[in-house]
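We count ligands from 1, going down the list as the structure has it; atoms in each ligand are counted the same way.
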Amino acid sequence: MEKWSPRTKAVHAGTRRSQYGEMSEAIFMTQGFLYDTPEQAEARFIESDPDEFIYARYGNPTVKMFEDRIAALEGTEDAFATASGMAAVNGAVFANVKAGDHVVSSRALFGSCLYILEDILPRFGVEVTFVDGTDLAAWENAIRDDTKMVFLETVANPTLEVIDLEAVAKLAHAKSAVVVVDNVFATPVFSHAVAQGADIVVYSATKHIDGQGRCLGGVICGTTQMIRKTIEPYLKHTGGSLSPFNAWVMLKGLETMQLRCEAQAATALKVAQALEGHPKLARVLYPYLASHPQCDVAKRQMDAGGTVVSLDIKGGKDEAFRLLNALNIISISNNLGDSKSLVTHPTTTTHQRLTDEQRAALGITNGLVRLSIGLEDGDDLLADLHHALDAI
Ligand SMILES: *Cc1c(COP(=O)(O)O)cnc(C)c1O
């Protein structure tokens, strides 16, 4: 399997068949597992092999198939699946820090990640320093001898800033800090986070892995030591495990993820290129546009620019709302990575909690809208966007 290309791993890696030889992966919709004897139960609680299960909060065959498949695709030894992307972020962070530790994080984070790092960790005596993720000197100044963890989103929401992971990981590893990457926007398809220095890669499977708007889920990828000795004990006892049904949806989602992401990214690039310079737009933000401030880093670090494009509409909230109200194909929703194209206005939704100053510091203007490009025809999407821009 090691030699298989990602397309083959996406379809076959991790498959476990029952005695019935089912072709498609089975959903093991069970909370518990039976033992033949009390001796067997005792032995399994001491040490269980990968095909021995105890209780679905600890592990389940369908969940295990999903974990093994995503680990094979990500290039890590192991993975632990969680009930949501935030359960994954929470597990990756809390399993690795204790009171008195120091963490350095980029400031441009998904809102709930920022809440964990900014509001919850300090309550438990963990000190967190935030930096502008694109400023390597700032990382260097912030990472100390006692820094335990570095946390970053390689491509930040919603301004799509790109952080030089290799450079940050080098600085972190020089101080023996663990590098945790929330890699949703880079996608498992276009990123090489582990090769570039990430120790732990976290995904909200809700996004591109499902990719069809059905289930919440998440996953933490890392070494066997990290996943089974640090992450699993924390998550299996605190209850963040993924349900077997949702694991099955994610497992089947992985089979088509590369095809979907490649098609969506190709359309995203086409939309970004076609709209750049439009008189109603102040900026078009997309990592693979030459005008993007970190275009060089993006091209070095990722195989494509991703499936999200942000548009900065001249004017502000009124103009942005007029665009959203005039769209016919593209729906208003704050999800992303879906086969349906979606649009959101961060200032009034996902980033409403921030102050005006915080939003300004992150480059989130009142006219900014975030487009998640789906699987529709690119020309149809462009026609929808041109029509809506005309309505402003
Ligand atoms: C969506 C998202 C999350 C949270 O995932 P859920 O599945 O909604 O819990 C975390 N980080 C990033 C970057 C995301 O886009």
Side-chain angles (χ1 to χ4, degrees), residues 63 66 70 74 79-94 105-121 130 133 151-163 165 179-191 193 198 200-221 235 238-243 245-247 249-250 253-254 257 261 264 268 285 287 302 306-310 333-338 340 342-344 346 349-354 362 364 370-374:
V63 175
F66 168 61
I70 183 74
E74 195 60 29
F80 193 92
T82 57
S84 69
M86 286 322 303
V89 172
N90 183 65
V93 171
F94 270 84
S105 171
S106 54
R107 174 154 280 288
L109 294 179
F110 184 77
S112 302
C113 298
L114 185 63
Y115 182 75
I116 289 179
L117 287 148
E118 192 171 40
D119 289 70
I120 307 183
L121 280 187
F130 289 98
F151 186 92
L152 61 131
E153 289 174 20
T154 41
V155 180
N157 173 36
T159 52
L160 310 180
E161 279 178 7
V162 182
I163 297 180
L165 173 57
V179 177
V180 181
V181 171
D182 179 339
N183 215 23
V184 167
F185 279 68
T187 81
V189 175
F190 303 132
S191 133
I200 298 177
V201 185
V202 175
Y203 288 104
S204 164
T206 316
K207 312 295 167 53
H208 304 88
I209 294 177
D210 174 359
Q212 288 146 91
R214 299 164 295 194
C215 293
L216 289 176
V219 68
I220 304 169
C221 303
L235 277 163
T238 54
S241 309
L242 183 63
S243 92
F245 181 81
N246 288 8
V249 172
M250 300 307 179
L254 285 180
M257 178 176 66
C261 285
Q264 288 169 238
L285 298 169
M302 290 155 48
T307 63
V308 177
V309 181
S310 289
S333 173
N334 45 272
N335 192 18
L336 65 100
D338 200 86
K340 295 181 170 58
L342 304 171
V343 64
T344 189
T349 60
T350 53
H351 291 70
Q352 196 187 91
R353 204 172 65 81
L354 303 190
L362 294 174
I364 304 170
R370 188 192 75 191
L371 273 177
S372 170
I373 299 296

Quick one: are [X] and [Y] in side-chain contact, heavy atoms under 4.5 Å?
| X | Y | answer |
| --- | --- | --- |
| T187 | Y203 | no |
| L362 | E161 | no |
| C221 | I70 | yes |
| R370 | T159 | no |
| M257 | M250 | no |
| V189 | H208 | no |
| L114 | L354 | yes |

Atom indices of ligand 1, in the order listed, that fall short of 4.0 Å to a heavy atom of [X]:
| X | value |
| --- | --- |
| F185 | 15 (O) |
| V184 | 12 (C), 13 (C), 14 (C), 15 (O) |
| S84 | 7 (O), 9 (O) |
| G217 | 7 (O) |

Just to confirm my output: which protein heavy-atom neighbour is closest to [atom], and how far is it?
| atom | answer |
| --- | --- |
| atom 7 (O) of ligand 1 | T206 OG1, 2.6 Å |
| atom 6 (P) of ligand 1 | G85 N, 3.3 Å |
| atom 9 (O) of ligand 1 | M86 N, 2.9 Å |
| atom 3 (C) of ligand 1 | F110 CE2, 3.3 Å |
| atom 11 (N) of ligand 1 | D182 OD2, 2.6 Å |
| atom 1 (C) of ligand 1 | K207 NZ, 1.3 Å |

Compute whether any side-chain donor of one residue and acceptor of the other, for S191 and N183, lie under 3.5 angstrom apart.
yes

Should A205 be listed as contacting ligand 1, given a heavy-atom distance under 4.0 Å as the test?
no

Please work out which of P158, A87, S204, G111 has its closest non-hydrogen atom nearest to atom 5 (O) of ligand 1.
S204

